[in-house]
Amino acid sequence: MSRELPKYSQMIFTFLWACIILEGCTEPFSPDIPFSDSLLVVDATITNELKTHEIFLSRSSQGNEESQVESNATVRIVDDSQRQFPFTETEPGTYVSDVMFEAEPDRSYRLLISTASGREYASSPTVLPPQTAEITDVYADRTTTDSGLDGMGIFVNSFDPTGNSIYYKYEYEETYKIIAPKWSPSQLVAGSEESQSVLVVGRDPDNEERTCFATEKSNTLVITNTSGVGEDRVTDFNVRFINRDNFIISHRYSLLVKQFVLSREVFEFYEKLQDFSGVESLFSDSQPGFIVGNISPQDNGEDEVVGIFEVSSVSEKRVFFNYSDFFPDEDLPPFVNECGQVTFPSGFTPTLYDLVKSNRVSYTNEVRNELGALEAYIVVPRICGDCTLLGSNVIPDFWKE
């Protein structure tokens, strides 16, 4: 069974597959990749947040373009006092800790994995980096990229007065308001099979379909470091750019930024992974070499592993903005659908009846003659009048207008 993998697993798999292709078609680059039949790919992070933590396991093979999840493994984390934190597979390839816990200072942690086939893997002991760097500010500003794109940038400022943090990774969770552009307080419902007719009725006031909210997590690797500068300060670092034509900023938008303080070893792993993610680096003559993580097989089998076990301290901050704050009196970004209107005559309308019965259209208006008699219905694709196709109609707890 295949599934959508976490972002770092996807990047690792893309790198592995590119290496296979490059090994067969380019002279300058012959990667030293420990392929046997397959590679176990590990994406594992625990933090100093008290929560349930997640670990993702997948497997890529040399002859398969699609990565497969690794199911039925035994996964646990053990600290240097021999406390054990077992994980349970909640969906294929996703393992969640049985209890909430947090990584503590001055303790080391090891990730232990036993696969269903009997293979054993373990990470090297990993400690929590100093919990001293804090995000001091997250702000949004209209900006233009080096390539000339106009849009919104989200920027971070951070400071560690002790100078111990140095290596940073950023993740974000964006939430945005969606307003259905062709919503109507009325809707069409299908009549009887015999009549093949439709009726206009009022919408259920308890079923909000005009305003919704969607939340998405980052799917890119964003890292930086303050090594070699005067102080351990991150200044105006751009963690997210959104093109002004992206509909997600059409109304109100919020971004929760998470800053992870990394060890040098983990940072260098991500740095190599980031280098490999670009086509130009994949085909260049100078390659950073195979990405070596801190996880290794514990037996003499041919099964190999790639990935990282990360223990990080975290700081987070949220920002809100409205499109009108930065683009006053300017047109909204284009909606995800052109929302073309189609007119159907009233009365015996089997085509419209089928569309309404299958919930594929939204009522937006109607046509009446000079005497006020109904002549036709005007409909649009359902997504244009029903926001629940794009998000949830439940307002998030953190949302502020």
Side-chain angles (χ1 to χ4, degrees), residues 1-3 5-17 19-20 31-47 52-64 66-98 101 103 107-128 262-263 265-270 272-273 276 289-312:
M1 176 181 178
S2 62
R3 64 185 290 270
L5 299 171
K7 54 187 172 298
Y8 303 131
S9 297
Q10 292 177 15
M11 292 179 71
I12 290 170
F13 178 71
T14 300
F15 150 69
L16 293 171
W17 186 248
C19 287
I20 296 168
D32 179 20
I33 300 177
F35 266 118
S36 54
D37 290 333
S38 63
L39 277 170
L40 180 68
V41 180
V42 180
D43 185 352
T45 299
I46 64 171
T47 70
T52 55
H53 299 269
E54 292 186 348
I55 291 172
F56 305 93
L57 303 182
S58 56
R59 189 170 290 277
S60 60
S61 64
Q62 190 168 8
N64 188 354
E66 290 189 4
S67 186
Q68 304 293 313
V69 297
E70 180 73 9
S71 288
N72 302 316
T74 300
V75 179
R76 57 198 170 100
I77 290 174
V78 180
D79 70 11
D80 54 4
S81 67
Q82 300 309 307
R83 286 188 304 169
Q84 298 201 19
F85 304 95
F87 285 63
T88 298
E89 188 174 19
T90 57
E91 59 179 285
T94 300
Y95 298 81
V96 179
S97 61
D98 292 351
F101 71 97
R107 288 215 174 277
S108 66
Y109 297 85
R110 296 184 74 208
L111 170 65
L112 305 177
I113 300 170
S114 299
T115 66
S117 63
R119 299 298 187 189
E120 303 282 340
Y121 306 87
S123 73
S124 58
T126 306
V127 299
L128 182 71
L262 310 176
S263 67
E265 177 188 32
V266 172
F267 179 82
E268 289 177 348
F269 174 88
Y270 287 137
K272 289 180 179 178
L273 187 59
F276 269 119
F290 181 70
I291 302 174
V292 178
N294 58 3
I295 305 168
S296 59
Q298 299 299 291
D299 53 33
N300 295 322
E302 295 182 353
D303 218 12
E304 299 291 350
V305 61
V306 62
I308 197 74
F309 172 51
E310 173 189 336
V311 182
S312 302

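Not measured: the values here are computed from a predicted model.
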Decide yes or no for [X] and [Y]: does some side-chain heavy atom of the first lie under 4.5 Å from some side-chain heavy atom of the second?
{"X": "Phe269", "Y": "Glu310", "result": "no"}
{"X": "Glu89", "Y": "Ser71", "result": "yes"}
{"X": "Ile77", "Y": "Phe309", "result": "yes"}
{"X": "Val42", "Y": "Tyr121", "result": "no"}
{"X": "Val75", "Y": "Leu111", "result": "yes"}

Pair Ser123-Asn294, side-chain donor/acceptor within less than 3.5 Å: no
Residue from Ile295, Val41, Leu57 passing side-chain contact (heavy atoms from CB on, under 4.5 Å) with Val305: Ile295
Point-to-point distance, once rounded to the nearest 0.5 Å, from [atom1] of [X] to [atom2] of [Y]:
{"X": "Asp43", "Y": "Tyr95", "atom1": "CG", "atom2": "OH", "answer": "13.5 Å"}
{"X": "Glu54", "Y": "Thr94", "atom1": "CD", "atom2": "OG1", "answer": "6.0 Å"}
{"X": "Glu70", "Y": "Leu40", "atom1": "CD", "atom2": "CG", "answer": "5.5 Å"}
{"X": "Leu262", "Y": "Glu268", "atom1": "CG", "atom2": "CD", "answer": "11.0 Å"}
{"X": "Gln68", "Y": "Ser58", "atom1": "CD", "atom2": "OG", "answer": "9.5 Å"}
{"X": "Ile55", "Y": "Ile46", "atom1": "CD1", "atom2": "CD1", "answer": "8.0 Å"}

Taking every non-hydrogen atom, the tightest pair across [X] and [Y]:
{"X": "Leu112", "Y": "Ala122", "answer": "CD2-CB, 3.5 Å"}
{"X": "Asn72", "Y": "Ala116", "answer": "O-CB, 3.6 Å"}
{"X": "Arg110", "Y": "Pro125", "answer": "CG-CA, 3.8 Å"}

Side chain to side chain donor-acceptor pair (under 3.5 Å) involving Ser263 - partner list, sequence neighbours excluded: none
Candidate pair His53 and Thr47, rule side chain to side chain contact (heavy atoms under 4.5 Å, CB included), full reasoning: CA-CA 8 Å; His53 299 269; Thr47 70; 3.6 Å; yes
Residues that Glu120 engages under salt bridge (charged side-chain N to carboxylate O under 4.0 Å, His left out), provided they are two or more places apart: none
Polar side-chain atom of Thr115 near backbone of Ile113 as donor-acceptor pair, under 3.5 Å: no
Sequence-distant partners of Tyr109, ring-ring contact (aromatic ring centres under 6.0 Å, His included), two or more places apart: none
